[in-house]
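Just below is one structure, and these are the notes that go with it.
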There are 2 protein chains.
Amino acid sequence: MTKLQSQGREPFEAVDRAPEAQADGFATVRQAHESEIAEDYVELIAELIETRGEARPVEIAERLGVKPPTVTKNISRLKAAGLVRREPYRAIFLTDAGQDLAEICRRRHRVVVAFLLSLGIDKETAERDAEGIEHHVSGTTLEAFERRLNQK
Amino acid sequence: MTKLQSQGREPFEAVDRAPEAQADGFATVRQAHESEIAEDYVELIAELIETRGEARPVEIAERLGVKPPTVTKNISRLKAAGLVRREPYRAIFLTDAGQDLAEICRRRHRVVVAFLLSLGIDKETAERDAEGIEHHVSGTTLEAFERRLNQK
DNA sequence: TAGATAAGTTAGCCATGTCTAACTTTGTAC
DNA sequence: GTACAAAGTTAGACATGGCTAACTTATCTA
Ligand SMILES: [Mn+2]
Ligand SMILES: [Mn+2]
Ligand SMILES: [Mn+2]
Ligand SMILES: [Mn+2]
């Protein structure tokens, strides 16, 4: 009576995994979070350049919902990572590597949003959820999303 | 030639959003990341208690892929948050609040995994991706996932 | 029941990412 | 061409979540 109390119906089963595989999963999540800021920044910068002509710290700060000093610090890290080119007090540009990453991220972002929308989710929720989900979607899963979108 | 170069086909459109809504989205992601550790820990603790009889730091560390001191530190935080009850050098128990949270998280985790599996994604990838995605799935989106699962 | 081993904790380090306060630079308006 | 407002940076604080090294406690085994 205490061990297998499946009194109600179990809608979905818990998958029993090897500790090592589970640890691997968590490590993947932690890695995704490390790249997340870089991805969101280059994505945003690319969009600002495209829609506003240039990418300025104020605007980045406004759209990310953070304060300007945070942007300065993070942009420095992007620069150190070779994703961004810029001189102090000037607008921000993407290096080739930055542009490549931005391309990948924007495409992935759009696919995730489109997929959520195709499930009948409203636009605001789709965008909000996608902003986090996008960083945890593997190539395999992204392809599955696209397959669904194209076949419907 | 420089402004609207839609030479190829645009598969998905970029949604143009108000800066404030966008900032809101990013804030939501940051908040999700703050609760993430608590969620993953209580979920794991509940599973260990169920499948192994008790939850011990070594095992938690092994399954999360982190070192024991990290677990000690995080468990202290959970205790301060009122999610966990325990004395030093002893096994870890969930408070009522902890159990409630664990229930919610386990269910959400299972739904996300089942949904990914229903898309034809392999088990390992589904589990890996779900571990990150679960924290960014709103109630609305979770319901959409369940709707799909039940109607198919 | 003593000693050895395993488990757990503590202390202290580091990187990340946020903030406020204060300062500097830039660009504009007159 | 000066002064002012806006934008940007710097300095320094704080919380989080990892780590290693060293210590303590609990458990097992001979
Ligand atoms: Mn994002
Ligand atoms: Mn995340
Ligand atoms: Mn998780
Ligand atoms: Mn989980």
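Within every chain, numbering begins at 1; the chains are lettered A, B, ... in the order of the sequence lines, protein sequences first and strands thereafter. Not measured: the values here are computed from a predicted model. Because only heavy atoms are used, hydrogens play no part in the values below, and waters and symmetry mates are left out as well, while side chains stay in.
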Which atoms of nucleotides 24-27 of chain C (N or O only) lie under 3.5 Å from a protein N or O atom, and what are those distances?
none

Starting at atom CD of Glu62(A), determine the distance to atom P of dA6(D), rounded to an integer number of angstrom.
14 Å
Report the distance from atom CG of Leu64(B) to atom C1' of dG17(D), rounded to the nearest whole Å.
12 Å
Who passes salt bridge (Lys or Arg N to Asp or Glu O under 4.0 Å) against Glu39(B), sequence neighbours left out?
Arg108(B)
Sorted by chain and number, sequence neighbours left out, salt bridge (Lys or Arg N to Asp or Glu O under 4.0 Å) with Arg52(B) holds for Glu59(B)
Would you find a donor on one side and an acceptor on the other, under 3.5 Å apart, between the side chain of Thr70(B) and the backbone of Val66(B)?
no
Leu78(B) CG - dT16(D) P separation (whole Å):
12 Å
Test: side-chain hydrogen bond (donor to acceptor under 3.5 Å, both in side chains). Region: residues 71-98 of chain B. Which pairs qualify, not counting sequence neighbours?
Tyr41(B)-Asn74(B), Asn74(B)-Arg77(B)
Would you say the side-chain atoms of Thr141(A) pair up with the backbone N or O of Val137(A), donor to acceptor, closer than 3.5 Å?
no
Under 4.0 Å protein heavy-atom contact, by nucleotide of nucleotides 16-22 of chain C - B base, S sugar-phosphate only
SBBBBB-
Hey, are His109(B) and Glu47(B) close enough side-chain-wise for a donor-acceptor pair under 3.5 Å?
no
Do Glu124(A) and Arg17(B) meet the salt-bridge criterion of a basic N to acidic O distance under 4.0 Å?
yes
Can you tell me the distance, in whole Å, between the CD1 atom of Ile60(B) and the P atom of dA7(C)?
14 Å
May I have all residue pairs that pass ring pair (Phe, Tyr, Trp, His ring centres under 6.0 Å) and include part of residues 116-139 of chain B, sequence neighbours excluded?
His136(A)-His136(B), His33(B)-His136(B)
